[in-house]
Asks: 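Input: one structure, supplied below.
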Amino acid sequence: MNSFREKIIVKAMNDNDDILSPYLSRVDKADARFITAKLSTFSNLIKSTILKEAFDKPTAYTRNRHILDTSTTLYKLLPKKLAHMFFCFDDDINIKAKECADYCRRIAIDPKAINFIRLHHNIPVNAFSDAPINEDVPVNEDVPVNEDVPVNEDVPVNEDVPVNEDVPVNEDVPVNEDVPVNEDVPVNEDVPVNEDVPVNEDVPVNEDVPVNEDVPVYEDVPVNEDVPVNEYPVVDTESNRVITETSPEFDRTITETISGSDQANPEFDRTISETSSGSDLANPEFDRTISETCSGIDLANPELDRTSSEMSSGSGLANPEFDRTISESSSGSDLVNPESNRMIPETNPETDRVSSVTSIGELTTGKQKIAYEYLSRYVATFNIQPIKPSKATQLSGCIKRYTDNRWWLRKIRKLITQANEKAAIHLNFVNSKRQVYASNITTKNRIAQRLRNDELMSSSFIINELGQRYSLKEVSDLNVSNPKIRKDELICRARGFENLAKEEGHEALFITVTCPSKYHRAFSKSGAPNPKWQGLMPDEANKYLNHQWKKTRAEFNRQNINPYGFRVVEPQHDGTPHWHMLFFIEGEKLEAMQSIIRHYALEVDGDEKGALENRCDFKKIDPAKGSATGYILKYIVKNIDGEGLGEDKFGNDSLLVAQRIDAWASCWCIRQFQQIGGASVSVWRELRRIRIKLFATDTENQNSVLEQARFAADNSDWQGYTTAMGGISTKLKDRPIKLHYELNVDEETGECLQSYYDGELITKVKGLWFAGRTIVTRLYQWRIEKA
């Protein structure tokens, strides 16, 4: 009955689908079901494009093969767990981020869940480390662990009384079936296993009281103590399938298995749901809610020790149901037997409430490693690169990130945004004849995101100790977040470099560098697909350009060539980035600089047709014909707001072009503008906050480098500022004025603020440092509050 009802619903949906219904009427029922299943989740534009190309094929087989291949390619752009979210709203992404964070949080704050993972998921810590586990003391070196031959096969437990001597273990007679293991002779009967020493607490298992006393396992070398956690590459290996294989039931089943006791606690679920917020910015209530979050576990509860001891003792060996559960949880399936839930001790909602952040920090290092590696493998199933612990990122900080819905929101939003854009590029939507620079869906999503941010900033305010109150939107409009201010500052700095070059007698050169043909999806004039394209995306193209630029800079350093100016990254019609650079340099070094740039621009596929003419272009700027700033002005304006440019070379309005370029840069995380050489712009911006003279007399002001730099910055004189800072060739560490940082201290409590994830002390810019003394430019303490 349900199947019939579903068929009726699908038929009604297809009949109302203006894209699918005309094509479905031309095929039989089987093909109609196939087409519906493969294409119904895509947008109308993608459906119509695939169907048009498919029905142009000569046979039904080639038509269906085209639909299958194209839809499979598009589905692979997202991991299986997110494939159903290919075209979704931002609210759906928020919900998914909360679900992922809640799942990670339930594991991270629950020591019993970590014990369950250690016992039931037969995966060693650092399973994917480059270095073998306990490399110096291997366990059964000739017999691999957890393969076809069990560990310690040659040396049975209780050597004097062999277990099932006539019937070998794990051969013809399975364990715990017709011939139970150790049925008549208990294992270590006189010496209880770890009775007085709790499992996984302060004394690790098999360390001080090892099982198999005559042949200790890992006696001298604790498990994975010498192998750092952050040295494994996450790869899809056989041993990883226990965790990484995806299944539609994965989230539900694993969550129920790990946190079955939580489902009985409505207070816990309510608190967890309140913890997650859909805001892009930090929620002021987040810290308070986290501190109130209930783990439902008393870390000092002796019941935990007793239960953990029973779980690791020999009592479970005589239980066939237990063995079956263990084998299923250690297999390639993610579906763990619900019967294993009873092995997890139930939580008591009335026990002491411990915040998730505190409980993570209180876990032992061994438990943190288990939780970190399990959650890292979970993160990897979403095609998200796991966080690697480092000096700046602690192990507990990695786990805290995994449990934060804001971290997941950024990652999932980026995945889905790029997947939509990759699909548009694969189907050749992005070109000069259709959707130039970026797809329509990416552009619309970016515009919607900006509107959400503006609304949020308009409803959030900052207040200082004097009671001054401004909205975040007002503050944003006064700095370089405002496109007009950003554009004016870039033009000011470019003009300052040009004036300085004229004064020094330097030459100006305008350079354009593009990518090899394999990075370009379509031809510029016709919009037709490029047969040389190898499926490479804009972010990969920009990485190539960055890699070649690193080589170029290294050669510049070897030959003592120090150009200064600006680099602008903009998309070509199909989204492939190319670089425009305006450089100033001494006349005698101009040819050498051109030769180096040309060499590395043509290093890859430099012999292909048209490479020499199109991949690298140089224009020496003649001051009699126009200014150097005028050459780069068009590219600065085009990539910011497009105001006053009219139309681009493809006939598109410059204002709409600017929106598409902004969406393109946001989608692929590409930095559009970069200054090459010169003094720090951050110091320039701090100097502009000082509106009065720094010294009492004119003589002191004229002789002071600090006042000269301040005066130049206040008057938008980049040339004068650069000269006061030591000129062009001075290294950053030798500049006379630097930024001054101080610890971020709460003046009301006197407490040094720490980073939320890693607990590191936070430093912030407080002013400037000059000649051994500090000039404070930021005088007030600000706090954020919602309207």
Side-chain angles (χ1 to χ4, degrees), residues 45 417-418 420-425 427-454 480-491 494 510-515 519-528 530 537-539 541-542 545 566-582 614 617 619 626 629-674:
L45 180 59
T417 299
Q418 291 189 353
N420 288 332
E421 191 66 9
K422 288 176 182 178
I425 293 175
L427 297 174
N428 198 25
F429 293 165
V430 183
N431 58 60
S432 59
K433 300 300 181 181
R434 301 183 74 177
Q435 302 171 16
V436 69
Y437 304 126
S439 65
N440 290 341
I441 186 171
T442 299
T443 304
K444 291 178 181 177
N445 288 341
R446 177 60 174 171
I447 294 173
Q449 183 184 31
R450 282 191 167 276
L451 292 175
R452 287 198 309 271
N453 291 344
D454 287 346
V480 290
S481 300
N482 186 335
K484 185 178 186 308
I485 294 177
R486 186 185 184 196
K487 177 179 63 176
D488 292 344
E489 183 186 85
L490 285 169
I491 295 172
F510 190 79
I511 309 158
T512 302
V513 178
T514 59
C515 295
Y519 289 95
H520 295 265
R521 178 66 180 96
F523 292 113
S524 174
K525 294 181 180 179
S526 64
N530 174 23
M537 292 296 156
D539 56 339
N542 199 56
L545 293 173
F566 281 93
R567 182 200 72 184
V568 179
V569 183
E570 71 167 4
Q572 293 177 288
H573 71 105
D574 59 353
T576 306
H578 63 165
W579 287 11
H580 298 293
M581 293 173 281
L582 174 63
N614 301 317
D617 179 64
K619 291 181 181 178
T629 306
Y631 271 86
I632 202 171
L633 174 64
K634 178 180 71 174
Y635 300 101
I636 292 175
V637 176
K638 176 183 176 182
N639 285 272
I640 293 182
D641 58 10
E643 185 177 355
L645 289 184
E647 295 181 348
D648 67 352
K649 65 179 181 179
F650 301 112
N652 301 296
D653 183 80
S654 61
L655 298 178
L656 299 179
V657 164
Q659 289 182 334
R660 288 187 171 272
I661 293 177
D662 174 63
W664 169 84
S666 174
C667 173
W668 300 113
C669 304
I670 292 177
R671 181 179 181 178
Q672 293 177 274
F673 306 98
Q674 183 179 14

Asks: So for atom NZ, which belongs to Lys638, do other residues, nucleotides or ligands contribute more than 12 heavy atoms lying within a distance under 6.0 Å?
Replies: yes

Asks: I need the Asp488 CG to Ile640 CD1 distance, nearest 0.5 Å.
Replies: 9.0 Å

Asks: To the nearest 0.5 Å, how far apart are CG in Asn482 and NZ in Lys487?
Replies: 10.0 Å

Asks: State the CG-CD1 distance between Asn542 and Ile670, to the nearest 0.5 angstrom.
Replies: 4.0 Å

Asks: Between Cys667 and Thr417, is there a side-chain heavy-atom distance shorter than 4.5 Å?
Replies: yes

Asks: Can you find a pair of side-chain heavy atoms, one from Met537 and one from Trp668, that are under 4.5 Å apart?
Replies: yes

Asks: Could you state the interatomic distance from CG (Asn530) to NE2 (His520), rounded to the nearest 0.5 Å?
Replies: 8.0 Å

Asks: Can you tell me how far apart CZ (Phe566) and OG1 (Thr629) are? Round to the nearest 0.5 Å.
Replies: 9.5 Å

Asks: Strictly distance-based, threshold 3.5 Å: is any side-chain N or O of Trp579 a donor or acceptor partner for the main-chain N or O of Thr514?
Replies: no

Asks: Can you give me the closest heavy-atom contact between Ser654 and Gly642, atom names plus distance?
Replies: OG-O, 2.6 Å

Asks: Are side-chain heavy atoms of Phe673 and Asn639 found at a separation under 4.5 Å?
Replies: yes

Asks: Identify, with sequence neighbours excluded, every residue that meets side chain to side chain donor-acceptor pair (under 3.5 Å) alongside Asp653.
Replies: none

Asks: Is Arg450 salt-bridged to Asp454, cutoff N-O under 4.0 Å?
Replies: no

Asks: Are Val436 and Arg660 side-chain neighbours, meaning at least one heavy-atom pair lies under 4.5 Å?
Replies: yes

Asks: Does the pair Lys484/Asp641 count as a salt bridge with the N-to-O cut at 4.0 Å?
Replies: no

Asks: Between Tyr635 and Phe510, does the ring centre distance come in under 6.0 Å?
Replies: yes

Asks: So His573 and Arg521, side-chain contact (heavy atoms from CB on, under 4.5 Å) or not? Walk me through it.
Replies: CA-CA 10 Å; His573 71 105; Arg521 178 66 180 96; over 6 Å; no

Asks: Grab the two heavy atoms, one from Ile661 and one from Gln672, that are nearest each other, plus how far apart they are.
Replies: CG2-NE2, 3.6 Å

Asks: Taking everything shown except Glu643 itself, do over 12 heavy atoms lie less than 6.0 Å from its CD?
Replies: no

Asks: For Glu421 and Ser439, indicate whether the former's side chain and the latter's backbone hold a donor-acceptor pair under 3.5 Å.
Replies: yes

Asks: What are the two closest heavy atoms between Pro577 and Ala541, and how far apart are they?
Replies: CD-CB, 3.6 Å

Asks: Report yes if the side chains of Val568 and Gln674 come closer than 4.5 Å at any heavy-atom pair, otherwise no.
Replies: no

Asks: Please examine the side chains of Gln435 and Leu45, heavy atoms only from C-beta on, and report whether any two atoms are closer than 4.5 Å.
Replies: yes

Asks: Looking at Ser524, is its backbone amide N or carbonyl O close enough to the side chain of Ser432 to form a donor-acceptor pair, meaning the two atoms are under 3.5 Å apart?
Replies: yes

Asks: Going by heavy atoms in the side chains, are Leu656 and Asn652 under 4.5 Å from each other?
Replies: no

Asks: Set out, in order, the CA-CA distance, both residues' side-chain angles and the distance that settles side-chain contact (heavy atoms from CB on, under 4.5 Å) for Ile511 and Val513, then state yes or no.
Replies: CA-CA 7 Å; Ile511 309 158; Val513 178; 4.0 Å; yes

Asks: So, Asn428 side chain and Ile425 main chain: donor-acceptor pair closer than 3.5 Å or not?
Replies: no

Asks: To check you understand the geometry: which heavy-atom pair defines the closest contact between Ser526 and Lys433, and what is its length?
Replies: O-CG, 3.4 Å

Asks: Looking only at side chains, do Arg452 and Gln449 share a donor and an acceptor under 3.5 Å apart?
Replies: no

Asks: If you define the side chain from C-beta out and look only at heavy atoms, does anything of Ile632 sit under 4.5 Å from His580?
Replies: no

Asks: Between the side chains of Tyr437 and Asp648, is a donor N or O closer than 3.5 angstrom to an acceptor N or O?
Replies: yes

Asks: Rounded to the nearest 0.5 Å, what's the gap from CG on Asn431 to CZ on Phe650? Could you check?
Replies: 9.5 Å

Asks: Evaluate the side-chain contact (heavy atoms from CB on, under 4.5 Å) criterion for residues Cys515 and Leu545: first the C-alpha distance (whole Å), next the side-chain angles of each, then the deciding distance (0.1 Å), finally the verdict.
Replies: CA-CA 7 Å; Cys515 295; Leu545 293 173; 3.7 Å; yes

Asks: Which heavy atom of Gln418 sits nearest a heavy atom of Asp539, and at what distance?
Replies: OE1-OD2, 4.4 Å

Asks: I'd like to know if the side chain of Thr576 and the backbone of Gln572 have a donor-acceptor N/O pair within less than 3.5 Å.
Replies: no

Asks: Apply side-chain contact (heavy atoms from CB on, under 4.5 Å) to the pair Thr512 and Lys619, showing each step before the final yes or no.
Replies: CA-CA 9 Å; Thr512 302; Lys619 291 181 181 178; over 6 Å; no

